[in-house]
Amino acid sequence: MVHTYECLGRHFLLDVESGSVFIVDELTAKLIEKRSPSACAKGDFSKYSETEINEANAEIDELIRQGVLFSTQPEHPEPIYKGIVKALCLNIAHGCNLRCRYCFAEDGQYHGKLDYMSVETAKKAIDFLIARSGSRRRLEVDFFGGEPLLNMEAVKETIDYARKVEKTAGKEFRFTITTNAVALTDDLIEYFNREMYNVVLSIDGRKEVHDAVRPDAGGKGSFDKCLANALKLVKARGGKSYYVRGTFTANNLDFAKDILALNDYGFGQVSLEPVVLPDSSPLALKNEHVDGLKQQYELLAKEYVKRRADGKEFGFFHFNIDIYNGPCASKRLVGCNAGDEYLCVAPNGNIYPCHRFDGMDEYVIGNVNDGSWCDDLPQKFATTNLTKKEDCNECWAKYYCSGGCAANSIQLCGGITKPYKLGCELMKKRVECALAIAAIEGENK
Amino acid sequence: MKHIKVVATNTICKEKGTGCGECQTGCQSACKTSCTVGNQSCEQKKTNRSTKVRQD
């Protein structure tokens, strides 16, 4: 399978199975499309000479001979459930000091009541992770919520405990934290920059956009405080990994401006995610928005290339595809590993496939406090890899999204094998832009 | 080549010995809502990706 497309005024060609990327001229793009099994139009070649057409065809034939164009799909092994866990999302606080209008966790409380994870439960989660991690050496723990800063005592004691036991266990913990930055202090900034492998700071972009959807409990916008605190943390971060991460909704369909605004504020590493809400929500992204949203990614890509060429630090999470040293094929089949190697623990110790399932009784896998565990759900998630998802096998972007988010599929589309189509469309556009950017920047080096 | 510029070939490594599982989980970094695996890094890339063998 191949995919040809235009982006940033150029033509690109992706050989899906090998991952080979080419910049081609218009003639070659047309000839490739003509050779594609699904081609229905023969194309208009009247403006090209026979010599040009023969030259381009010869180049295509040579790449086919080399096995990097129209390469065949290998036989992927059947997915096997191994019962290994390597990453936990610790929902350390079911509660939040903001009242974001799109929050999937319902003000951070996950369909339940205000609750904070005890130190005892958090330590049991660490023990659970070590015990289930098999030969995996690097283990990841993300402090999430709600707002994790509301339960910092548990965060600190968890890290102290994990650091104490990691050497004996032959493991290396990597901690991350996702915070709205409202309650950040100088002491916490120093602590995070020392202990956290990655920090994710939630800001939605322009002040008016952020304040409209991320008010505090009193209804007041949180932008000024979040920005000041986040900037302070990033300036002191010393080159360690971080992301300023926001959400865009139907309120800001011109979201490229928000990503650029985040960069203008002084954040070099940013991400802005499309909100996932049912159509009934006034903030939901809908099918009629898709074309405009794709244009936004294209606009962003254009400015992104320009800023980076000018030497500005600017990384956008979804444009950051390393076409030379990316993940192996095995990783691309399993995606985020939710429900299998990646799980979530709620304040009461319940274990869920990921943070998006917290509070859903039918998705409880076990509990770290009483040691209960049932293989049924992890087995289902582990064995439903990319090859088992509807339509994904025929999609050119399959090795970049790996079948998409299981929570979106289950919660919005009625099953783990059913792709969330709106998300697919945005993902494909982001991958097109990312590959184009990588190709252009590679060309300029 | 005159019509085609090769940017990268065989970028999806299918070598024996890959799939060690040491790389970051897709959702732990920044997205939490959009599963993008293509932008994850291989932990073996700097060393010996083709020689490390999965243990389990």
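Order of the sequence lines sets the chain letters (A, B, ...), proteins ahead of strands, with each chain counted from 1.
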If you tally heavy-atom pairs under 4.5 Å between each of Ser18(A), Pro74(A), Ala397(A), Gly442(A) and chain B, the highest tally belongs to Ser18(A)
Do Glu59(A) and Lys2(B) meet the salt-bridge criterion of a basic N to acidic O distance under 4.0 Å? no
Would you mind checking which part of Phe144(A) comes under 4.5 Å of any heavy atom in chain B, side chain (CB onward), backbone (N, CA, C, O), both or neither? side chain
Just to verify, which of Leu27(A), Asn57(A), Ile23(A) counts as forming a side-chain contact (heavy atoms from CB on, under 4.5 Å) with His3(B)? Leu27(A)
Does the Thr11(B) side chain pair with the main chain of Gly19(A), one donor and one acceptor, at a distance under 3.5 Å? yes
Would you check, one step at a time, whether the test side-chain contact (heavy atoms from CB on, under 4.5 Å) holds for Arg332(A) with Ile12(B)? CA-CA 9 Å; Arg332(A) 293 172 193 265; Ile12(B) 299 174; 3.8 Å; yes
Side-chain touch Leu63(A)/Thr9(B), heavy atoms, less than 4.5 angstrom: no
State the SG-CZ distance between Cys20(B) and Arg138(A), to the nearest 0.5 angstrom. 8.0 Å
Please round to the nearest 0.5 Å and tell me the distance separating atom OG1 of Thr28(A) and atom CE of Met1(B). 10.0 Å
Answer with side chain, backbone, both or neither: which region of Ile60(A) has an atom nearer than 4.5 Å to a non-hydrogen atom of chain B? both
Apply side-chain contact (heavy atoms from CB on, under 4.5 Å) to the pair Ile4(B) and Asp25(A), showing each step before the final yes or no. CA-CA 7 Å; Ile4(B) 303 175; Asp25(A) 60 13; over 6 Å; no
Side-chain (Glu22(B)) to main-chain (Arg137(A)) donor-acceptor, under 3.5 angstrom: yes
Measure Glu62(A) against the heavy atoms of chain B and call it side chain, backbone, both or neither at under 4.5 Å. side chain
